[in-house]
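Notes to accompany the following structure.
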2 protein chains.
Amino acid sequence: MRARKIARPTTLSDVARLAGVSPATASKALNGRDEVAPATRQRVIDAAERLAFSPNQLAKGLFAGRTGTVGLLTSDLEGRFVIPILMGAEDAFGAGQVNAFLCDARGDEIREQHHLRALLSRRIDGLIVVGRQTDPRPSLGHDLGVPVVYAYAPSDDETDLSITPDNVEAGRMAAEHLISLGRTRIAQISGDRSYAAARDRVTGANQAFKAAGLTPVGDVMFGDWSETWGRDAAAAMLAQHPEIDAVLCGSDQISRGVLDHLRDIGRSVPHDVAVMGFDNWLVLTTNARPQLSSIDANLKQLGRTAAERVFAALDGEDIGTGIELTPPRLVIRGSTVARLG
Amino acid sequence: MRARKIARPTTLSDVARLAGVSPATASKALNGRDEVAPATRQRVIDAAERLAFSPNQLAKGLFAGRTGTVGLLTSDLEGRFVIPILMGAEDAFGAGQVNAFLCDARGDEIREQHHLRALLSRRIDGLIVVGRQTDPRPSLGHDLGVPVVYAYAPSDDETDLSITPDNVEAGRMAAEHLISLGRTRIAQISGDRSYAAARDRVTGANQAFKAAGLTPVGDVMFGDWSETWGRDAAAAMLAQHPEIDAVLCGSDQISRGVLDHLRDIGRSVPHDVAVMGFDNWLVLTTNARPQLSSIDANLKQLGRTAAERVFAALDGEDIGTGIELTPPRLVIRGSTVARLG
DNA sequence: CGGCATCTCGAAACCCGTTTCGGAAACTAC
DNA sequence: GTAGTTTCCGAAACGGGTTTCGAGATGCCG
C-alpha cells in the first residue's frame, strides 16, 4: 500500500462518520464527557484508533484559548548556560502536553522583538526569557498578555519575576570550603569584571573571608573567562605571592589554566595549593589533573523552576515579582581534597 | 492607563470595525490582495497599526493547512553537536516566518514517539531529526504527512534524506595535512570504536597514508572521547614508539590529553611531534598550548542545509533520498605549524 | 439615457474541534 | 393512559481568519 502523496490528517469528522455519529458526539466521546452511552463511546474510540486520529491542536487551541505551547526566548544558544536551563524547562514541560518554541535572538534587540511578535501571534501560553549573563537585561514589559519569567539574566524591572543563580552565596560557599580545609592564604583569580557573576562571586568570597577573620592574598585579579587568562594570572600571582595555599577561580576554564601553571612550576595540588573552580562544567572538571572541585549553579533546576512558575501562572496563580535566587551546590573533587584523586 | 488584567489580543474584526469595513475586506487589504480600493486599504492598514494587530497564526494555519512551524527532534541536548546544528537550522528558518519546536527525546524511543505525536498534532510543516552520533538511527517512516530530514545521525532507511558530516574525508584531510608537513611517523589515537565517527575518520586517514606510501606507526588506539584517555593512550603509545613525529587524534578532548602528556615528557609541539584534533571545539582548541589544529565539521552549515531541504519540500520540491555528506574544513593552528604559536 | 463592463465591497461558507441547547426516545410514576 | 424524568444524541454557534461569489455602485459606450 503506497502512502498517499498528500497524507491529509484524519479529522474528527472522519472518525464520526466511521463510527456513525455526529462530530459533536465524537468529540464528547473522546474527551470523556459523560453524556454519551458507553457503547457509543467505545465505537468512537475504536474508530479513532483505526484511523490513527490525533486531534488538531490548532483548532483545539483556537477555541480553548490555550495552545499548550510556550516560548523560550534566548539571547545566546552557544552559551553553555542556556542549554541546561532549556533542558530543565523542557523537563518540566515535557511531562505534560506542552511544547516549546525555541528562538535565538543572538543578543540583538531587533531580532528579539521580531521573535517576540512571532511568538505572540502564535498565541503561546507563556514565555521564558533566558539570558547568557547574570547582569540585568531590559524588561519586555507587562502588557504581553502572557506570563513571563526571566531565567539566568534577571529583568531590570523589579515587578517582573526573575530567577537567577545566587552567585554571592556561591562565592561564599567556595571560600568556606577552602577555609574549612584550613587554607589561610587564599588568592582570587576571577573572570571579566564587567560581569555581575564575577563581581558577585568575589563579594560572597570576601564575606566568608571576613567572617573567618582572614585577609585575602593580593588583589582579586579580573581578566576574561579563558584558560589562557588563568595561566597568565596564576603566573603573575604566584610570582608576587609565592606563599598562597589556595586559589579561588572565577570559572572552571580559569581553574584549568591555574592548574596548568601550578604543574609547570612544580607545585602539588591540592597539597601545596588547593584550587576551586566555578560552574562544574564536567568536560573540564572531570578531566583535570587532579579533578577539579567546583560550584554547580544547578541550572537545570533553575530552568525547571522557571517553567513551573509559568505553569502556575497559567493556572491562575499570581506569578510573583522580584528576583528569586537559586542555591548553588558544592562539588568536591581532588583539587581541594587529596584522597579524592 | 493600566493594562487590562486580561489583555485580549485584538482580532481582525476589531480592525475591520475601526476601519469601518467588513472582516473580509480587512483581510484582503492586509494581505495585499488587489480587489480593494487603495484608500480603503490604507484605512485598514492604519487601523491595524493603531491596534497593534497581529493576526492569529493558529486561525491562519487552520485554514491554510500551513502553520509556519517546524519540529526539531533531537536525541541529546547536552551533546555539543546538536547545538550548532540547531543554530544553523534556526538561521535558515528565522529569516522567514517560521518558528521551531524543540523537543529532546533523551535517546528514549518512547519519549521520541510521544514527542512526534505531539508535533504532528500541532500540524508542523516539516521535521528535522538530529542525532548525537553519526551512526544510523531508526527511520521514523514515510507516512508522517510532513517532510523529514535527518541531520548528523542518518536514517537507516536509504529512502529517507539524511545529511551528515563526511568523516572519511575529514580523516583524510587531517592525515594529508600532517603528510604535507613532512611527517612520516604518524600514530592515531581515536575515540570510542563503537562510534561510526571514530571508525570513519580512521578509514579516511588510512587511505591518505596508503596514497602517500606511508605506514602508520603502531595500531590505532581506540578508547573513549575523553582527555584522560588521550593522556593515557599517549603515554602507552610513546613508550612503545618513541619515534613518532605526529599524532592524529579522534577529538579535541583526546588531543588535549595528548598535548598534556607530551609536555610532561618534554617533547616539543609541533617541533618534535605535531598534533591534530577533531571537531574544532573552540574552548579546547584556542586555549591549548600551543593552540590546536583541528577539523571543523561545519555543523552550523549542516543544520542550515537541513532546514533548506525542508523548505524546498514545503514548496513542493521532491525532498530527495540517500545520505548527503557535508564537507569538513581544516583549521590550522600552532600544534601543527610552529609560527602560528 | 439605456446597456454593459468594471471596480469595490460584504455575506456566507469554510477550516476543525468544542460547547450549548433543544429534541427524541425510553423509562418511571400515578 | 398520561404526565414527568432521564438518557443520549445532533444541529448550530463559536473562535479568528481566508476565500468564493454575488450584489451594488460606478464608469464608459453608443
Side-chain angles (χ1 to χ4, degrees), chain A residues 6-45 47-48 51-69 97 118 120-125 145, chain B residues 6-45 47-48 51-69 97 118 120-125 145:
Chain A
I6 299 167
R8 193 180 62 81
T10 57
T11 70
L12 183 65
S13 299
D14 298 335
V15 175
R17 202 172 317 120
L18 180 60
V21 298
S22 76
T25 304
S27 170
K28 282 179 279 198
L30 292 177
N31 290 324
R33 307 188 46 110
D34 52 357
E35 324 143 292
V36 182
T40 310
R41 160 162 298 139
Q42 196 53 52
R43 253 197 355 254
V44 173
I45 290 175
L51 297 176
F53 171 70
S54 82
N56 186 333
Q57 294 296 132
L58 266 62
K60 224 165 176 160
L62 193 53
F63 193 93
R66 285 263 190 103
T67 56
T69 60
Q97 292 294 349
L120 291 176
S121 74
R122 296 200 191 288
R123 297 299 186 267
I124 52 170
D125 293 336
Chain B
I6 298 167
R8 191 181 63 80
T10 56
T11 71
L12 183 64
S13 300
D14 298 334
V15 175
R17 201 173 316 120
L18 180 59
V21 298
S22 76
T25 304
S27 170
K28 282 179 279 197
L30 292 177
N31 291 324
R33 305 189 49 108
D34 52 358
E35 324 141 290
V36 181
T40 310
R41 160 161 301 140
Q42 196 53 52
R43 256 203 345 261
V44 174
I45 291 176
L51 298 177
F53 171 69
S54 82
N56 185 333
Q57 295 295 134
L58 265 61
K60 224 165 176 160
L62 191 54
F63 191 91
R66 286 264 190 103
T67 55
T69 62
Q97 293 292 347
L120 291 176
S121 75
R122 296 200 191 288
R123 298 296 187 268
I124 53 170
D125 293 336

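The figures that follow rest on heavy atoms only: side chains count, while hydrogens, waters and symmetry mates do not. Order of the sequence lines sets the chain letters (A, B, ...), proteins ahead of strands, with each chain counted from 1.
For the pair B:R122/A:T69, a side-chain contact is recorded, criterion being any heavy-atom separation below 4.5 Å from C-beta on.
Applying the side chain to side chain donor-acceptor pair (under 3.5 Å) criterion to A:S13, with sequence neighbours excluded, gives no partner residue. Under the salt bridge (charged side-chain N to carboxylate O under 4.0 Å, His left out) criterion, B:R17 pairs with B:D14, sequence neighbours left out. For B:A118, the side chain to side chain contact (heavy atoms under 4.5 Å, CB included) partners at least two apart in sequence or on another chain are A:N99. A search for side chain to side chain donor-acceptor pair (under 3.5 Å) contacts involving A:T40 returns nothing, not counting sequence neighbours. In this view, A:E35 satisfies the side chain to side chain donor-acceptor pair (under 3.5 Å) rule with no residue, not counting sequence neighbours.
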Tabulate below the donor-acceptor pairs under 3.5 Å that side-chain atoms of residues 56-63 of chain B make, not counting sequence neighbours, or state none.
from  : atom 1 : to    : atom 2 : distance (Å)
B:N56 : OD1    : B:L58 : N      : 2.8
B:N56 : OD1    : B:A59 : N      : 3.4

Considering only distance and modelled atom types, tabulate donor-acceptor pairs under 3.5 Å from the side chains of residues 23-32 of chain B, sequence neighbours left out.
from  : atom 1 : to    : atom 2 : distance (Å)
B:T25 : OG1    : B:S22 : OG     : 3.2
B:N31 : ND2    : B:S27 : O      : 3.2

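Contact detail for A:S54 and B:R123: the closest heavy-atom pair is O-NH2, 3.7 Å. Closest non-hydrogen pair, B:R43 versus B:V21, comes out as NH2-CG1, 3.5 Å. Of all non-hydrogen atoms in A:T11 and A:F53, the two that sit nearest each other are C-CE1, 3.4 Å.
Between B:A24 and B:R123, the residue anchored nearer the 5' end of DNA chain C, judged by the nucleotide with its closest heavy atom, is B:A24. Between B:P23 and A:K60, the residue anchored closer to the 5' end of DNA chain C is B:P23, taking for each the nucleotide with the nearest heavy atom.
Over its length, the helix from C:dC1-D:dG30 to C:dC30-D:dG1 turns its helix axis by 60°, as judged from the five terminal pairs at each end, rounded to 10°.
Using modelled atom types, no side-chain atom of B:D125 and backbone atom of B:R66 make a donor-acceptor pair closer than 3.5 Å.
Boundaries of the chain A contact region on DNA chain D are D:dC8 to D:dG16, first to last in 5' to 3' order (nucleotide atom under 4.0 Å from a heavy atom). Taking 4.0 Å as the cutoff to heavy atoms of chain B, we find the contact window on DNA chain C bounded by C:dT8 to C:dC16.
Taking every heavy atom of residues 29-40 of chain A and every atom of DNA chain C, pairs under 4.0 Å involve A:N31, A:R33, by number.
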